[in-house]
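Note on naming: letters A, B, ... go to the chains in the order of the sequence lines (proteins, then strands), and numbering restarts at 1 for each one.
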Protein chains: 2
Amino acid sequence: MKSIEIKDAALKYFTIHGYEGASLSQIAKDVGLKKQSIYAHFKGKDDLFLQVLRDAKEMDLSSTVQYFSSVDSKNPEKALYGYLQLVIDLFQKDEQLKFWLRMSFFPPAHLEKVIEREVTDIEEKERAILEGKFQEWINAKLIIGDAAITPTFAFLSVVDSVLVELVYGNDEEKLKAKLAAAWTVFWRGISHQ
Amino acid sequence: MKSIEIKDAALKYFTIHGYEGASLSQIAKDVGLKKQSIYAHFKGKDDLFLQVLRDAKEMDLSSTVQYFSSVDSKNPEKALYGYLQLVIDLFQKDEQLKFWLRMSFFPPAHLEKVIEREVTDIEEKERAILEGKFQEWINAKLIIGDAAITPTFAFLSVVDSVLVELVYGNDEEKLKAKLAAAWTVFWRGISHQ
DNA sequence: CTCTAATTAACGAACGTTCGTAAGTTATTA
DNA sequence: TAATAACTTACGAACGTTCGTTAATTAGAG
């Protein structure tokens, strides 16, 4: 399907150059078309962008949902560290997460409101999933604390820091070192000792 | 000085719209000039951009240097939490940090190499400052651990997560809650108990 | 008079978008 | 089955606009 090829190319250029820096002619050339032909598949640049955005959001959310629905709930250490690994894998094996990150951090100004809604939506859902897990672990005395919100936000902070390092993206060794340090301190901070 | 006014306006538009999305005509209009007049002060768009970039870098670095050279070295808890507050203040009171963050995360493609060098440079320097402090605190048994690199990277992760929340920027309450959680867990993770 | 800063004018190039058209494919009708 | 209608996909050409940049010219200050 040509629409999918177009979205793939668009994803690539939006990720590298941002909304304003990505041109329809470049995207079209990538799939062997003229830019006018894109209009046979999409209403315009905004429509193309928003479809790519929603695909990326869907992919991000479903990965998280699937991971935590299939992970071993009796082992928080493994479950949480495994999620960080998943994020790293996702980021490195396809562009959708990087695209999603770029656009949630720095959305094109005229689509800010739409994007913010999508970002809030996915954040809320992922936070809810994590908070549920942490509440289970607290109840089972597998980690310390009473309110699940504290370890949830703390873990989301670790996720954010991993994402930042991935976005910088130039130094695999540094990523490993920083993840190791953040994880060590985080785990000591929420576990019994 | 008109050059400074131009750089101020450029900072604003580069921050909001990115390099490609910011136009010289908008920047010029902001300071009551025609876009061609910018060329009396700068060689072109790249020159203007790079001067704004280096100003922002200088400001970021000097803030960190100054803070840690004047802070109470006997109280790591206060020193570190104070730095997080400083970052939040800096981010909210002028645009330079947000600009710097945007460009270090997602640089314009044709200036990627130059920017990466600046980013690596400032990161290295700030890491060195922190690592020195942490080594002192470890030696004084104010925090746990042997190698200073672990708490240093862990703290930098907390900083990153704060920056991420600032970039999202839509929810002051959420920033406070997330900072509180990340800080609680981080401090528990590096302190004696 | 000189120098700098700002202007007007103009440049080629690229942008997103629209139009009319020509194929190729699918669906409908006779 | 054959003919026709409708729809999809792609293209050339052109639209008006904006982009960054250069050149020549004017206004103002020391």
What is the separation between atom [atom1] on [X] and atom [atom2] on [N], rounded to the nearest whole Å?
{"X": "A/Lys35", "N": "C/dT18", "atom1": "NZ", "atom2": "P", "result": "12 Å"}
{"X": "B/His110", "N": "D/dC19", "atom1": "NE2", "atom2": "P", "result": "16 Å"}
{"X": "B/Lys45", "N": "C/dA14", "atom1": "NZ", "atom2": "C1'", "result": "13 Å"}
{"X": "A/Lys43", "N": "C/dG16", "atom1": "NZ", "atom2": "C1'", "result": "17 Å"}
{"X": "B/Leu111", "N": "D/dG20", "atom1": "CG", "atom2": "P", "result": "14 Å"}
{"X": "A/Lys29", "N": "C/dG16", "atom1": "NZ", "atom2": "P", "result": "13 Å"}
{"X": "B/Tyr13", "N": "D/dG20", "atom1": "OH", "atom2": "P", "result": "13 Å"}
{"X": "B/Tyr19", "N": "D/dG20", "atom1": "OH", "atom2": "C1'", "result": "9 Å"}

Give a yes/no on whether any side-chain N or O of [X] is located under 4.0 angstrom from OP1 or OP2 of [N].
{"X": "B/Ser25", "N": "D/dC19", "result": "yes"}
{"X": "B/Lys34", "N": "C/dA6", "result": "no"}
{"X": "A/Ser37", "N": "D/dC11", "result": "yes"}
{"X": "B/His41", "N": "C/dT4", "result": "no"}

* Asked: Looking at D/dG20, does its base get a donor-acceptor pair with the side chain of B/Gln36 below 3.5 Å?
  -> no

* Asked: Less than 4.5 Å apart, any side-chain heavy atom of B/Lys125 and any of B/Val65?
  -> no

* **Non-hydrogen side-chain atoms of A/Ile138 and A/Asp146 separated by less than 4.5 Å** => no

* Asked: Quick one: which of D/dC19, D/dT9, C/dA5 gets closest to the side chain of B/Ala40?
  -> C/dA5

* Asked: Nearest of C/dG16, D/dG20, D/dA10 to any side-chain atom of A/Tyr39?
  -> C/dG16

* Structure fact -> Closest to the 5' end of DNA chain C, once B/Ile38 and A/Asp46 are matched to their nearest nucleotides, is B/Ile38

* Structure fact -> Per nearest nucleotide of DNA chain D, the residue lying toward the 5' end, B/Gln26 or A/Ile6, is A/Ile6

* Please work out if B/Lys2 contacts a base, only the sugar-phosphate, or nothing of the nucleic acid, heavy-atom cut-off 4.0 Å. => sugar-phosphate

* To do: Report which part of the nucleic acid B/Ala28 touches: base, sugar-phosphate, or nothing (heavy-atom distance under 4.0 Å, all strands).
  => nothing

* Exercise: do B/Thr64 and B/Glu126 side chains pair donor with acceptor under 3.5 Å -> yes

* **N-O pairing of B/Glu95 and B/Lys12 below 4.0 Å** => no

* Asked: Are the charged groups of B/Asp55 and B/Lys7 less than 4.0 angstrom apart, N to O?
  -> yes

